[in-house]
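For clarity, every value in this text was computed on a predicted model and none was experimentally measured. Order of appearance sets the numbers: ligands from 1, and atoms from 1 within every ligand.
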Amino acid sequence: MKDILNNLGLSELNSGAGTGTTWLECGGEILKSVSPIDGRIVGSVRQASAADYDKVAAGARAAFNEWRMVPAPKRGEIVRQIGEKVRAYKKELGALLSLEVAKIPAEAEGEVQEMIDICDFAVGQSRMLYGLSMHSERPKHRMYEQWHPLGPIGVVTAFNFPVAVWSWNAMIALVAGDTVIWKPSSKAAITALAIMMVISPVLQENDLPEGILNLVIGNRDEVGEQLISDSRLPLISATGSVAMGRHVGQVVASRLGKSLLELGGNNAVIVTARADLDLAVRAILFGAVGTAGQRCTTIRRVIVQKEVFSAFTEALIQAYRQVTIGNPLDEEVLMGPLIDRQAVADMQTALETLKRQGGSILYGGEVLSGGIYDAGTYVTPCICEARNDYPIVQEETFAPILYMIPYETLDEAIEYQNSVPQGLSSAIFTNDLLESEMFLSHMGSDCGIANVNIGTSGAEIGGAFGGEKDTGGGRESGSDAWKAYMRRQTCTTNWSREMPLAQGIEFGIKAADS
Ligand code: NAD
């Protein structure tokens, strides 16, 4: 563990607030980050106080005034260099992610790869911050829109994707000309620090304004609340639970700021009788068990046509039996622990509630013990039979619980798929074009992501990522998500010697009769 921290430029006790090049003597309490694998301390941080936050925010505001004047392709060049640094440290960052949030190396390195990919994407985007031009209704007038940098923006991230989610926001925001203040989850604080350390040489060697990227690790009641209420930050991008987003959204709206919310999911896969069932089993295994069921896009419900329900459920149980559970650093392990004991307790409560509401456990759901399992964070992934309208099925339990729900007609399946408060990701498995088109149509899935013959998780960075309803409505990453980080300005220039008004309005003083 020490070697990994040393290679990434971290000490045993680190400052929780800084710019990547300068770190403050923080005044908050010490936070110890505990590994879910075995309860060992991964690293410690002296957290930021409210006064520390204020210094960082003032710095980010001042840096913005300079950074916005750097030409966008030059900002892109900085992001290119950041991407190169992360490429060079992919293994080390992946190893730290495995230790701190217990991802298996393939998934941990996959997350770092997402940051590399979004850096590449952002470099290209830096030359494509396009505005439209319009034809004016007035002669000799030119009309167009342009996009300006927005300001310093706040980025709040969840524990489960500390690197990817921050970089989706921060790398696009940087090329847009914004500065960034990052408040990561305290469960992934050391990874956040490591990222800042890895990219610090780029910030130092390019003669950049101090404070274009900032990190603040602090207590959510003090620093978190201060950040979301800070009117110096025109945009807060927040990723996490629906409860958190509801609160952040209200606080930001009350100061008429913008919020970009990426919240919980309750993702379903529809498996029709015309599906390739082997393909569906493989996809659902990864989508439901990968990252120990702790992705916002994790498959939580499988809605299966009645005639194949029993055979399909049995095939899935057989696949679950083969999942090796243990230390995510061991090569043969497919599923590591949950993030902490509270997550295990929440999973057990959900399973008890399910049984009370009429559902049953078909496989798994036990808390494991003995050896490394004594950390109290290891469970077996669980398959349950349920009805879609059980209150517990309507909730996102952030654990590997999969609800199997039978259906008869595709109308009914789509109705089930959409009848939850959340609207992040969805999928259908079918080889029937009419079924897949119906699922993708206006009367189909109501989610931000809709897939055919692939699962609900593992999105590529090129598309806009996000969901509807309680998932918050935000979009990040690719496509035109960059627009959220800029302000639009509509410009009209009159190059005639007349003053015609729009809509043909006459509003002038008549010339006096001669
Ligand atoms: P969480 O809501 O507990 O915390 C998320 C972040 O919000 C943390 O950094 C936390 O400190 C911060 N936070 C909480 N209250 C705050 C406040 N009052 N002011 C400022 N910051 C505050 O979520 P979590 O347990 O870290 O992550 C799991 C949740 O995140 C799940 O619901 C998952 O679906 C969701 N998630 C969504 C996406 C997405 O893109 N839609 C991606 C990853 C995770």
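Checked for salt-bridge contact, Arg232 and Asp54 meet the test: a charged N lies under 4.0 Å from a carboxylate O. Under the 4.0 Å criterion applied to side-chain N and carboxylate O atoms, Arg475 and Glu468 are assigned as salt-bridge partners. Contact check on Glu395 versus Arg300 returns no salt bridge, with no Lys/Arg side-chain nitrogen under 4.0 Å from an Asp/Glu carboxylate oxygen. Salt bridge Asp230/Arg255: absent, no basic N to carboxylate O contact under 4.0 Å.
Atom 36 (N) of ligand 1 has as its closest protein heavy atom Cys296 CB, 3.5 Å. Distance from atom 27 (O) of ligand 1 to its nearest protein heavy atom, with residue and atom name: Ala158 CB, 3.3 Å. Closest to atom 12 (C) of ligand 1 among all protein heavy atoms lies Val156 CG1, 3.5 Å. Of the protein's heavy atoms, Ser241 OG, 2.6 Å lies nearest to atom 2 (O) of ligand 1. Ranking protein heavy atoms by distance to atom 44 (C) of ligand 1, first place goes to Asn160 OD1, 3.2 Å. In this structure, atom 3 (O) of ligand 1 lies nearest to the protein heavy atom Arg220 NH2, 3.7 Å. In terms of protein heavy atoms, atom 11 (O) of ligand 1 is closest to Lys183 NZ, 2.9 Å. Regarding atom 17 (C) of ligand 1, its nearest protein heavy-atom neighbour is Glu225 OE2, 3.8 Å.
Listed by number with element, the atoms of ligand 1 under 4.0 Å from a non-hydrogen atom of Gly224 are 19 (N), 20 (C). Below 4.0 Å from some heavy atom of His247 lie the following atoms of ligand 1, by number and element: 18 (N). Heavy-atom contacts of Phe465 reach the following atoms of ligand 1: 39 (C), 40 (O) (cutoff under 4.0 Å).
A donor and an acceptor atom, one from each side chain of Asn14 and Arg46, are nowhere located under 3.5 Å apart. Side-chain contact of Ser445 with Ser426: a donor-acceptor pair under 3.5 Å is present, judged by distance alone.
The aromatic rings of Phe465 and Trp168 sit tilted relative to each other, their planes meeting at an angle between 30° and 60°. By the 30° and 60° cut-offs, the orientation of the rings of Tyr378 relative to Tyr373 is tilted.
When non-hydrogen atoms are compared, ligand 1 lies under 4.0 Å from the backbone of Pro184 (N, CA, C, O) but not from its side chain. Proximity of Thr157 to ligand 1, defined as any heavy-atom pair under 4.0 Å, is confined to the backbone N, CA, C and O atoms. The backbone and the side chain of Glu262 each have at least one atom closer than 4.0 Å to an atom of ligand 1 (non-hydrogen atoms only). For Phe398, every heavy-atom contact with ligand 1 shorter than 4.0 Å involves the side chain, none the backbone.
Considering backbone and side-chain atoms alike, Thr239 places every N or O at 3.5 Å or more from each N or O of ligand 1. The shortest N or O to N or O distance between Glu396 and ligand 1 is below 3.5 Å. For the pair Phe159 and ligand 1, the shortest N or O to N or O distance falls below 3.5 Å. Considering backbone and side-chain N/O of Trp168, none are found under 3.5 Å from N/O of ligand 1.
One distance of note links CG of Asp346 with CD1 of Ile339; it measures 13.0 Å at 0.5 Å rounding. Considering CG of Asn214 and OG1 of Thr22, their distance stands at 10.0 Å, rounded to 0.5 Å.
With a 6.0 Å cutoff to the six-membered ring centre and a 45° limit on the axis angle, Lys103 counts as a cation-pi contact of Phe161.
Judged by distance alone, the side chain of Glu111 and the main-chain N or O of Val163 form a donor-acceptor pair under 3.5 Å.
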